[in-house]
Amino acid sequence: NTIKYWNVENEPVLKAKKDWDGYANLLKITYEGVKSVCADCRVLIGGMGGEIRGLKEFFEPAVKKLGGQYFNIFDYHCYSNKNDWEKCGRLAEEIKKSFPNYDFEIWLTETGTWSGSLAYPLGQPSQTEKDQAESIIKFYIYPLSKGVKKIFWAWGILEGFGGPENNIFDNTGLIYDGD
């Protein structure tokens, strides 16, 4: 089997029905199924969105119900403007603080900041390509210093995601597409 990493859902806390109990069951059966056919495969919790609220209201009860088992990697997402890059490291610290006796890696599989002016979300500052380039280092180094094992820049090459026009995801790409 060439697939070694299995991410169970994506940002389940941001779904309309915030069913942490159902998610815990899904995580358990997925983990057992994956491990039954691939002992060296790794299972990731499905991308914590919602920052601290998502951790406290959704992932803490789900992980505690499972006794910290049935996953190998706690995956979270963090986006911010160029001045609030520390938030991504603070979230890793909060994850570790919430589960001090559990053994898992922490990955940041979606992070980024933008260049340009955003129409959505409202109130975000305009940032230059230079601002974005300087921020990349901070968005990586600080979470790594807090124990995060892997970090992935979201929409690293291509821009655009859908949703409201000119949103953050339309502007996090590192290669400007001319639009």
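What you see is a predicted model, and the numbers here were worked out from it, not measured in a lab.
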Do [X] and [Y] come within less than 4.5 Å of each other through their side chains, counting heavy atoms only?
{"X": "Tyr120", "Y": "Asp170", "result": "no"}
{"X": "Ile151", "Y": "Phe139", "result": "no"}
{"X": "Ile106", "Y": "Phe99", "result": "no"}
{"X": "Thr128", "Y": "Lys82", "result": "no"}
{"X": "Lys56", "Y": "Ser98", "result": "yes"}
{"X": "Lys65", "Y": "Leu27", "result": "no"}
{"X": "Val34", "Y": "Val8", "result": "no"}
{"X": "Trp20", "Y": "Pro12", "result": "no"}

Path from [X] to [Y] over hydrophobic side-chain contacts below 4.5 Å:
{"X": "Phe152", "Y": "Ile3", "answer": "no"}
{"X": "Tyr142", "Y": "Ile52", "answer": "yes"}
{"X": "Leu44", "Y": "Leu26", "answer": "no"}
{"X": "Tyr102", "Y": "Phe59", "answer": "yes"}

With a 6.0 Å cut-off (strictly less than), is the heavy-atom count around [atom1] of [X], excluding the residue itself, greater than 12?
{"X": "Lys150", "atom1": "NZ", "result": "no"}
{"X": "Lys149", "atom1": "NZ", "result": "no"}
{"X": "Lys87", "atom1": "NZ", "result": "yes"}
{"X": "Asp21", "atom1": "CG", "result": "yes"}

[atom1]/[X] to [atom2]/[Y] distance, rounded to the nearest 0.5 angstrom?
{"X": "Tyr79", "Y": "Trp114", "atom1": "OH", "atom2": "CH2", "result": "12.0 Å"}
{"X": "Ser117", "Y": "Gln124", "atom1": "OG", "atom2": "CD", "result": "11.5 Å"}
{"X": "Glu94", "Y": "Met48", "atom1": "CD", "atom2": "CE", "result": "9.0 Å"}
{"X": "Ile95", "Y": "Tyr76", "atom1": "CD1", "atom2": "OH", "result": "6.0 Å"}
{"X": "Leu118", "Y": "Thr172", "atom1": "CG", "atom2": "OG1", "result": "10.0 Å"}
{"X": "Leu66", "Y": "Ile45", "atom1": "CG", "atom2": "CD1", "result": "8.0 Å"}

When you measure from the side chain of [X] to the backbone of [Y], do you find a donor-acceptor pair of N or O atoms at a distance under 3.5 Å?
{"X": "Asp75", "Y": "Gly46", "answer": "no"}
{"X": "Lys35", "Y": "Cys41", "answer": "yes"}
{"X": "Gln132", "Y": "Leu174", "answer": "no"}

Identify the two heavy atoms, one from [X] and one from [Y], that lie closest to each other, and give their separation to 0.1 Å.
{"X": "Pro143", "Y": "Lys138", "value": "CD-O, 3.7 Å"}
{"X": "Ala92", "Y": "Lys146", "value": "CB-CB, 4.3 Å"}
{"X": "Asn72", "Y": "Arg42", "value": "OD1-CA, 3.3 Å"}
{"X": "Thr113", "Y": "Ser135", "value": "CG2-CB, 3.7 Å"}
{"X": "Cys88", "Y": "Thr111", "value": "SG-OG1, 3.8 Å"}

Verdict with supporting geometry, Val13 and Glu57, side chain to side chain contact (heavy atoms under 4.5 Å, CB included): CA-CA 8 Å; Val13 69; Glu57 295 175 6; 5.6 Å; no

Steps toward salt bridge (charged side-chain N to carboxylate O under 4.0 Å, His left out) verdict (Glu93, Arg90): CA-CA 5 Å; Glu93 290 179 314; Arg90 288 191 307 266; over 6 Å; no

Test applied, side-chain contact (heavy atoms from CB on, under 4.5 Å); reference residue, His77; option that passes from Leu91, Asn10, Leu14: Asn10

ring-ring contact (aromatic ring centres under 6.0 Å, His included): pairs with one or both residues in residues 23-49, sequence neighbours excluded: Tyr23-Phe58, Tyr31-Tyr70

Plane angle bin for Phe71 and Phe74 - parallel if under 30°, tilted between 30 and 60°, otherwise perpendicular: perpendicular

Aromatic ring pairing Trp107/Tyr5, orientation class (parallel under 30°, perpendicular over 60°, tilted between): tilted

